[in-house]
Each structure stands twice: as C-alpha cells, then as structure tokens.
Amino acid sequence: MDFLEADAPLLDGEEYSVEFEALALNPAQVEWAMGYEPGQAPEPVPGVIAELLVEASRHASVKVGVRLFRAPEVLLDGAAMQVDGVVLNPGDRIAGLLSGAREVAIYAATAGSGVDDWIRAQFATGDPVRGYVADTIGSELVERAADWLEERVIDHAIGLGCFTTSRFSPGFCEWDVSEQHALFSLLPRACCGITLTETALMLPVKSVSGLIGMGPECERATNACMVCTMKTCFRRR
Amino acid sequence: MDDILQRIATCIERGKVNATSPYPPDLKGQDGAHELTKAALEMGVSPSDVLAQGLVVGMNSIGRKFSENKVFVPDLLMASKAMQAAMVHLKPFFESGEAKHRGTFIIGTVQGDLHDIGKNLVSMVMEGGGWQVIDLGVDVSTEKFLDALNAHPGSAVGLSALLTTTMVNMEKTVAAVRAQHPDTKIIVGGAPLTAEYAKKIGADAYAPDPQGALDYLVGAVA
Ligand code: B1M
C-alpha cells in the first residue's frame, strides 16, 4: 500500500505517513502523560525525555488510516449503530454523543513496530526509567497522530458545513474492547500494518483506533475525562 | 543504628542508588543505598533489621505516595533501582537462610495480554516489601501459574491485565488455582479491574496499585 503525504486532503480509504516533526511532540506533553505537571518531573527524568525524544524520531514510522462513511450508512439505534452493514455497540453514552452525525470517520493509527522494538531495547538497557520514558513517548506519539487526523477530519467536516464529535475508541466508556474486530472490518485490510490478536490487542502495541462523528449539531467534549468512566486513572484531570 | 536504617530508607524512597549517582541533586556526593546497606551489615545490624527497618520502610513510603498520586511511575522506578542496589548485599543472607522473606509471591500478566509495566511495578514493590517474587512474565497460561505453585507451594498469586478482553482470562486461572491449591491467596489488578470483578471470579482481593497488593498480603499473612 502506498502512503500519502501528510498534507494531502482527507480521502476515504487512504493511509497517510506522518512525519515525526509534524506531530510536534514536546517534553511537557511527555511529562504530563506520566502524571506530572509540566516542568515538575524530578531529575533525571527531564534529561532522559530530551535525549529519547531525539532518538524516537529515528525509530518512528507513524501511519494513520481512515475511512469515511456517509448517511444513510450510519444508522443510530439506541446504544448501537450500523456502519456499512457492520453493527457497532458503543453504548448509550457515546451513541448519544454521536446522535445527529451525518458522516463518521473511522481510523487507526500507529507509531510503528520500530517504536515497539526501540522501547523494548530501552528497557533492556537495565534502566527502567529509560524504558518507561520511551514507552510514554511511544504512547504520546500515537495519540498525537490521532490528534493530527482529528484536525484533518475537522477541516473535512467544515467543508460539509458540519461540526465534529470527540474521538471515541473501543475500550473507553461503555464501548467494549472486543468491538475492535468489528471496527477493523471497516478499515482497509492490515490498515497501517496493524494486526489484531484474538484478544483484540493491536500490534504494534503503540496503536490506537476509533471514530469521529460529523454533523451540524455535533459537539466535542471539552474534557475527555468527562466521557471516560475510569475514575481511578492517574491522568484524570 | 536507627540513624543508618533511617538513611537507607531515605535513599530508597528518594532513589539514591550509590555515592556516584548524581540524583537526587540534594544528596549528590553522599553515600547511597549501596554503601549504607553494606555499612549497616558491617556494623553488625542484622539483615532482617536492614530489610524491615530500612528497605521496607523506604519502599512503603514511596509506594504510599504513589497510591495517593503524589509521585508517579518514574519515582517508583528510581526507588526500586536503589532498592536493588541494597538487595545485592542482602541476597547472600536470604540464600543462607539468615534472613527470611515474608513469603513468596508468584505474579504474571494473564494469557493473551502483553503488558508488563504495571506487573513489574507490583513485583518491585513486593520485593521491596520483603517478599520473594517469582515473575512469570506476560501472556502466562493457567498451566504456568500451576507449575509455579507446585514448585513453590504456599505462595500467594498475583494476576495482572490491562484490557477487559484479557481480564476475562483471569477467571479460568483463579478457578484452576482454587481447585488445586484452595488456600492460595489470589490478588488481581490492572487498569480495567474492579473489586466487584475480583469478587465475581473468586479472587481474594483487587489491588488498585502495587502498595494495595502489598498491604493486602501483609494483612492476610499477619
Ligand atoms: C496482582 O496485583 C496487581 C495489583 C495492581 C496492579 C496489577 C496487579 N497490575 C497492574 N496493577 C496496577 O499497578 C500499576 C501501577 O499503579 C498499574 O498498572 P498499569 O499497567 O495499569 O499502569 C502502568 C504502570 C501505566 N499505565 C499505562 O501505561 C496505561 C495508561 C493508559 C492511559 C493507556 C495508554 C498509555 C495507552 N493506551 Co490505552 N491506556 C489506558 C490507560 C489508562 C490508565 N490510566 O491506566 C487503558 C489501559 N487503555 C485502554 C484502551 C481501551 C486502549 N488503549 C489503547 C492504546 C493506548 C496507547 C497506545 C495510546 C497507550 C499505550 C498503551 C500500551 N499498552 O502501551 C488501545 C489498545 C492498544 C493496543 N495495542 O491494543 C485501546 C484499546 C483504545 C483504542 N481502541 O485505541 C483502556 C482499557 C479499558 C478496557 N476496557 O480494557 C484504559 C484503561 C483507558 C481507559 N480510560 O479506559 C495498575 O493497574
């Protein structure tokens, strides 16, 4: 599969390669993802972050794949929705927030298997702090890749005279992780090189998936934690 | 004696590994967990006291702060590095039987799941709490848990999972352990777990974090 340049318009069924620099991942974001207020991580963490951010750029191969589905392919029915004949059950809460969507973007993104290998190599140095910083950078990279896609979806929605919802992913709120299999059936085969295990784990590990709704009445949640049911999360703000 | 044990505890909590480690900056140039543990043993402090009043105190303190979201994963990892540096000196005493672990704890991430950071943190805190830890790794089958229990009868068991799709594999493992070793204490943990789920599958406890697992076991075997 050929990957399109990142500045190409959003096209249904396409997969995009995103440059590391375009994701503008910075040390403050990495500290935040670990639970610290930016600038509050103790020594030697800031130095390790700075060093590993440079290294990460050599191992990342960030890819984003998207499919766009228009009404009437999207049917909302209580807690379930049907997209191109595939039934998804995101639960009442997410379905409520998707109500009125005229179009949905279904996506998957990955930082690439090179990042998984690099993280393992950092743990193998025997310094678990390096390993954990690398792990957090990998997680943030793919989250930023999803942000990158979301911005393109917003532009696309504006072109349709629509607003967007937040990003919703299987495994969050009441949406069961096992629904990953249904979601992936809507994406191109082996989208961005991601495979799903029987237990719905994506490989490479640093991958995410989800959907974004578009419609004239759609709204984004101001704080993603408001939609998430995980009350014990160390990132809950 | 109390002073050196207190200093060991501080070095563990603050992640001060040895005299050459430059972190934390305010302890730069001072002895770390490595030197102080060696010195304490040379002074004649018993290995059990070094463990109980030095290492365990330091790890408990950082573990509690972690539970309260006052410190985060890197702080816990740095503390465990200092603890490992101290443990090197205690190991021969555990091997000779002069120092005793509180018990043995077998831990693994359940079948179908590859996550290990959370499990590793639990292992570190348990070890710092005076337990011998047998870490079976990730994607661990029920059979492997049973083999480990057969090799180390009387151990407690910890199961970790990061996704609801793998968490369900805990039920089978818990049932098999109960069938063969009914008195085994079983703790489950991981992001999608809840106390209700732990109860439903017949585990003894759900621990939201590593300190929770340690506190439960200390209470259960006391
Ligand atoms: C035996 O006794 C014990 C006792 C305590 C025990 C224990 C055993 N085992 C663990 N503990 C406990 O002690 C440790 C220290 O406190 C803790 O261990 P943990 O392993 O939980 O914690 C680690 C030390 C640090 N924690 C982490 O590294 C995970 C942090 C959170 C924010 C998280 C991250 C970073 C990521 N994720 Co995702 N992620 C979340 C997490 C939410 C959260 N706050 O935990 C979780 C795990 N993710 C979730 C989901 C759904 C997903 N993620 C995904 C992706 C990602 C990122 C790539 C962005 C990133 C990296 C993930 C990775 N596997 O490397 C996807 C799956 C990825 C895949 N490969 O398949 C995806 C499926 C979303 C999607 N559709 O794209 C949720 C799972 C819920 C569920 N229903 O199963 C989730 C709980 C978030 C949520 N708010 O709901 C405790 O749980």
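The basis for the numbers below is simple: all heavy atoms, side chains too, and nothing from hydrogens, waters or symmetry mates. So you know, we letter chains A, B, ... as the sequences are listed, proteins then strands, and number each from 1.
Note that CE of Met34(A) is 10.0 Å distant from CG of Asp75(B), once rounded to the nearest 0.5 Å. Note that CD of Glu31(A) is 11.0 Å distant from CZ of Phe72(B), once rounded to the nearest 0.5 Å. Taken to the nearest 0.5 Å, the OH atom of Tyr132(A) stands 10.5 Å off from the CG atom of Leu76(B).
Close approach to chain B, defined as a heavy atom under 4.5 Å from one of its heavy atoms, is seen in Pro42(A), Glu43(A), Pro44(A), Val45(A) of residues 42-51 of chain A, taken by number.
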Item to check | Trace of the side-chain contact (heavy atoms from CB on, under 4.5 Å) decision for Val71(B) with Tyr36(A) | outcome: CA-CA 8 Å; Val71(B) 299; Tyr36(A) 300 107; 6.0 Å; no
Dump the intermediate steps for side-chain contact (heavy atoms from CB on, under 4.5 Å) on Val129(A) and Met78(B), then the final yes or no.
CA-CA 7 Å; Val129(A) 174; Met78(B) 290 189 276; 3.6 Å; yes
* Evaluate the side-chain contact (heavy atoms from CB on, under 4.5 Å) criterion for residues Leu163(B) and Leu201(A): first the C-alpha distance (whole Å), next the side-chain angles of each, then the deciding distance (0.1 Å), finally the verdict. => CA-CA 8 Å; Leu163(B) 294 175; Leu201(A) 183 72; 3.6 Å; yes
Original post:
For Thr165(B) and Thr197(A), what are the C-alpha separation, side-chain angles and deciding distance, and is it a side-chain contact (heavy atoms from CB on, under 4.5 Å)?
Top reply: CA-CA 10 Å; Thr165(B) 41; Thr197(A) 66; over 6 Å; no
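Contact tally against chain B (heavy-atom pairs below 4.5 Å) for Val133(A), Asp127(A), Leu203(A): the top residue is Asp127(A). Contact count against chain A (heavy-atom pairs under 4.5 Å) is highest for Ile117(B) among Thr166(B), Val168(B), Ile117(B).
Enclosure of atom CD in Glu95(B) by more than 12 non-hydrogen atoms of other residues, nucleotides or ligands within 6.0 angstrom is indicated.
Residue Leu162(B) does not touch chain A at all, counting heavy-atom pairs closer than 4.5 Å. Residue Asp209(B) does not touch chain A at all, counting heavy-atom pairs closer than 4.5 Å. Interface remark: Pro74(B) contributes backbone and side-chain atoms alike to the contact with chain A (heavy atom separation under 4.5 Å).
With a 4.5 Å cut-off on side-chain heavy atoms, Phe123(A) and Asn120(B) do not count as touching.
Of the possible polar contacts, one joining the Thr199(A) side chain to the Gly112(B) backbone as a donor-acceptor pair under 3.5 Å is found.
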